[in-house]
2 protein chains.
Amino acid sequence: MAVTLKDIAEKVGVTESTVSRVLNGIPKASEETRKEIFQVAADLGYKPNQIARSLVTKKTNTIGLIISDLANTYFARVASGIENIASKYEYSLIISTTGGQEKEELKYINLLKEKQVDGILFASGRMPESCRKLLRETEIPTVVVAREVEEDLPSVHINNVKESYKAVKYLINNGHQKIAMISGNANDKESGLYRIQGYKQALCDNNLEIKEELIVEGNFKLKSGIKAMEEILKKDDSITAVFAASDEMGVGAIKAVKKAGLKVPEDISVVGFDNNIISLASDPELTTISQPEEELGWRSMEMLYKVINGEELEEKKIYLSCELKKRASVRRL
Amino acid sequence: MAVTLKDIAEKVGVTESTVSRVLNGIPKASEETRKEIFQVAADLGYKPNQIARSLVTKKTNTIGLIISDLANTYFARVASGIENIASKYEYSLIISTTGGQEKEELKYINLLKEKQVDGILFASGRMPESCRKLLRETEIPTVVVAREVEEDLPSVHINNVKESYKAVKYLINNGHQKIAMISGNANDKESGLYRIQGYKQALCDNNLEIKEELIVEGNFKLKSGIKAMEEILKKDDSITAVFAASDEMGVGAIKAVKKAGLKVPEDISVVGFDNNIISLASDPELTTISQPEEELGWRSMEMLYKVINGEELEEKKIYLSCELKKRASVRRL
DNA sequence: CTGAAAGCGCTTACAG
DNA sequence: CTGAAAGCGCTTACAG
């Protein structure tokens with residue numbers, strides 16, 4: 001059996017209350033009993049039962065992370081950032097993956113409530129109204145990660161419109177005028193739609209024509225990038241550059257260009273998004289927008305910490321900015 | 001305030017015990033009170049407090065995962081596999097990352113004990129004696145993931161010697177005789193040492209000479225692969241193939257070969273290890289050994305489940321085998 | 001079929 | 001400086 005406060009108390013000849021106080025560093029006990037209590041606790045290998053403690057303090061020192069998919073590099077890095085800072089704050093992390101499914105999201109919010117977590121970090125697709133409602137009812141402090149959200153929930157994310165704009169502007173600054181895009185799905189309001197908006201905005205602001213047929217949809221994966229690029233080349237082989245909404249698709253684009261007997265960047269320049277390791281593995285290395293995944297993680301955890309402890313938030317919505325990584329896949333025209 | 005059993009009991013006019021039994025599906029209450037209890041519970045939005053429940057049942061339905069690093073693709077995928085099956089078994093997952101540091105590992109074992117987890121999955125570097133000892137004392141059911149371990153702890157992993165052998169044998173079968181290796185650190189008894197052993201064994205069994213100077217150490221990262229390959233080319237430009245202990249290093253090798261003005265696979269063939277996405281991003285695509293990360297994850301979770309429930313294990317050590325992915329980076333001589 | 005009681009391992013006023 | 005008591009929200013024999 002595990003050793004309890006009672007065991008220590010009996011052995012020392014004091015009461016559980018005293019042992020509890022001493023072990024928790026509450027004010028003065030006689031130096032003598034203090035010493036003895038610590039001694040006996042160590043001898044017996046006492047480990048406080050946090051479950052029992054949580055029941056009375058109503059704090060579990062654990063927070064729940066609801067996330068789409070750990071096998072995805074991007075989310076894995078966000079999770080990593082969260083874990084690092086959580087452990088610094090002495091919070092444990094319960095991780096639940098949802099695949100972006102609303103049903104799973106609801107299930108886990110309920111579960112985390114039952115487990116009495118002190119707070120929730122939500123990094124799983126767009127947050128449906130049902131989740132918001134449930135979160136409100138359960139009254140668990142929540143911060144949304146990597147998603148803009150209409151709700152007044154605190155959140156930390158990047159500005160996808162602005163960052164895409166930056167990528168496309170870079171191509172324009174390098175003299176490109178006929179720029180295609182390999183996008184995500186426009187129904188995905190985040191990396192899908194917003195990155196398209198940034199692309200269009202950049203063209204528009206620079207008096208370049210937006211041709212809808214030059215925006216080809218992929219699913220962020222490498223293969224879809226290949227297919228999309230092939231389609232683009234078939235449609236219009238006079239383009240000189242392409243902006244891909246993910247590095248995987250960007251690398252796919254490079255592959256397709258080469259397969260078509262053309263060269264990157266001599267014939268076609270490519271810019272990606274993410275700064276995934278594959279952007280460095282490709283040949284040529286892919287120019288890309290570097291997302292601060294780890295920072296997204298730790299900033300959200302910091303925010304949540306403040307919310308839990310009732311501290312004021314200076315900003316309810318934090319936008320982190322991304323860095324343009326200039327590499328060999330873009331040429332100056 | 002959260003609604004409790006007591007609230008329901010009062011409203012229905014029965015006792016907490018009855019409510020508890022009904023909600024837990026314990027045998028027969030009158031159909032009438034059952035209905036009413038469920039009704040009231042739903043109306044009040046009752047959610048059982050699992051902390052209170054755990055205190056009495058001595059089960060938390062959560063397991064702890066001690067893992068090196070979530071930002072690392074390999075471990076992230078292992079974690080993903082674990083999470084998927086854990087949630088199927090209705091276990092929550094507390095994830096703690098250690099960076100492979102013994103001190104952190106010990107800290108988290110203690111913490112998980114205090115949190116009364118039902119079991120631990122250990123996927124963090126070689127397990128030091130101190131951890132084994134602590135695990136024994138705390139008596140938490142444990143399964144080791146992706147690491148061979150002398151101890152009689154159950155474990156699931158791949159056979160690094162055998163899989164490396166397979167990779168090198170493939171090169172030999174394709175007519176290669178002068179094969180270099182980009183290895184990990186030999187002090188790392190797993191992917192470091194064992195992959196070197198497999199390489200040597202394959203050469204040996206095929207009467208090829210082992211030249212220590214053709215084994216150059218990297219750190220599994222892309223850059224180190226480039227450096228190692230440059231060194232190898234400097235030492236002996238008559239080699240026709242290289243086996244890299246990771247895909248990142250393999251891709252690095254390809255880059256170095258190209259930079260030296262040679263071609264892959266025409267001049268030098270390359271085989272990697274992992275089947276990381278970058279093996280597909282590289283040009284040419286990298287032939288590699290595909291590790292079953294997700295399966296590593298779920299098999300270990302399944303094993304742990306059995307241990308927790310006192311079921312007999314047919315095998316205490318499970319070896320999963322890897323698949324050789326034949327791609328364009330190897331040529332037949 | 002249901003109640004009353006004890007207990008899980010802690011913490012925390014309240015006294016003294 | 002320390003005890004005695006109550007309580008956190010449940011479950012589970014034990015009666016009846």
Side-chain angles (χ1 to χ4, degrees), chain A residues 1-38 40-41 44-62 110-118 138-139, chain B residues 1-38 40-41 44-62 110-118 138-139:
Chain A
M1 277 315 314
V3 6
T4 69
L5 280 188
K6 201 169 156 202
D7 299 326
I8 302 179
E10 281 174 358
K11 200 139 184 185
V12 178
V14 290
T15 218
E16 285 179 62
S17 333
T18 306
V19 179
S20 170
R21 281 187 215 108
V22 168
L23 259 24
N24 285 307
I26 306 282
K28 48 248 133 168
S30 74
E31 193 51 36
E32 204 175 349
T33 49
R34 280 176 54 84
K35 263 192 187 160
E36 203 179 344
I37 287 173
F38 279 119
V40 173
L44 264 39
Y46 174 71
K47 300 205 174 48
N49 181 328
Q50 300 291 358
I51 294 293
R53 167 186 263 244
S54 292
L55 186 56
V56 11
T57 60
K58 289 171 171 335
K59 288 209 47 176
T60 50
N61 268 281
T62 107
N110 276 316
L111 181 62
L112 291 171
K113 174 66 177 180
E114 293 186 358
K115 298 232 166 178
Q116 315 293 124
V117 296
D118 297 336
T138 55
E139 296 182 319
Chain B
M1 274 315 316
V3 7
T4 70
L5 281 188
K6 202 169 157 201
D7 298 326
I8 303 177
E10 280 172 0
K11 202 142 185 183
V12 177
V14 291
T15 218
E16 285 180 63
S17 332
T18 306
V19 179
S20 170
R21 281 187 215 109
V22 168
L23 259 24
N24 285 307
I26 306 284
K28 47 248 134 168
S30 73
E31 194 51 35
E32 204 176 348
T33 48
R34 279 175 55 84
K35 264 192 187 158
E36 203 179 345
I37 287 173
F38 279 118
V40 173
L44 264 40
Y46 173 70
K47 298 204 176 50
N49 181 326
Q50 299 292 357
I51 293 292
R53 168 187 263 246
S54 291
L55 186 57
V56 12
T57 61
K58 293 180 168 325
K59 286 209 48 174
T60 51
N61 268 281
T62 108
N110 276 316
L111 180 63
L112 291 172
K113 174 67 179 182
E114 293 186 357
K115 298 232 166 179
Q116 315 295 124
V117 295
D118 296 336
T138 55
E139 296 182 320

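- The phosphate of dG3(C) (OP1 or OP2) has a side-chain N or O of Thr18(B) nearer than 4.0 angstrom.
- Of the candidate nucleotides dT11(C), dG3(C), dG9(D), dG3(C) has the atom nearest to the side chain of Ser17(B).
- Atom pair Ile51(B):CD1 and dG7(C):P shows a separation of 23 Å (rounding to whole Å applied).
- One atom, CD of Glu16(A), and another, C1' of dG7(C), lie 12 Å apart when rounded to the nearest Å.
- Closest non-hydrogen pair, Glu114(B) versus Gln50(A), comes out as OE1-NE2, 2.8 Å.
- Rounded to whole Å, atom P of dC14(D) lies 13 Å from atom CZ of Arg21(B).
- With rounding to whole Å, Lys47(A) atom NZ is found 15 Å from dG9(C) atom P.
- Counting to the nearest Å, the P atom of dG9(C) and the NZ atom of Lys115(B) are 18 Å from each other.
- Phosphate proximity of dT11(D) to Asn24(B): present, with a side-chain N or O under 4.0 Å from OP1 or OP2.
- Thr57(A) places a side-chain N or O within donor-acceptor distance of the main-chain N or O of Arg53(A), the cut-off being under 3.5 Å.
- Ranked by how close their nearest DNA chain C nucleotide is to the 5' end, Val56(B) and Gly13(B) are led by Gly13(B).
- In this structure, Arg53(A) places its CZ atom 21 Å from P of dC10(D), rounding to the nearest Å.
- Between Thr15(B) and Leu55(B), the residue anchored closer to the 5' end of DNA chain C is Thr15(B), taking for each the nucleotide with the nearest heavy atom.
- Exactly one residue among Thr138(A), Leu112(A), Leu111(A) makes a side-chain contact (heavy atoms from CB on, under 4.5 Å) with Val117(A). That residue is Leu112(A).
- Within the structure, every side-chain polar atom (N or O) of Tyr46(B) is placed at least 4.0 Å from both OP1 and OP2 of dG9(D).
- Residue Thr57(B) places none of its side-chain N or O atoms closer than 4.0 Å to OP1 or OP2 of dC10(D).
- Tested against Lys115(A) for a side-chain contact (heavy atoms from CB on, under 4.5 Å), the candidates Thr60(B), Asn61(B), Ile51(B) yield a single pass: Asn61(B).
- For Thr33(B), a side-chain nitrogen or oxygen approaches OP1 or OP2 of dT2(C) to under 4.0 Å.
- Summarising the geometry, the separation between CD on Gln50(A) and C1' on dC8(D) is reported as 15 Å, rounded to the nearest angstrom.
- With both pairing distances under 3.5 Å, dG3(D) is matched to dC14(C) as a Watson-Crick or G-U wobble pair.
- Rounded to an integer number of Å, the gap from Lys58(A) NZ to dG7(D) P is 13 Å.
- Heavy atoms of other residues, nucleotides or ligands lying less than 6.0 angstrom from NZ of Lys11(A) number 12 at most.
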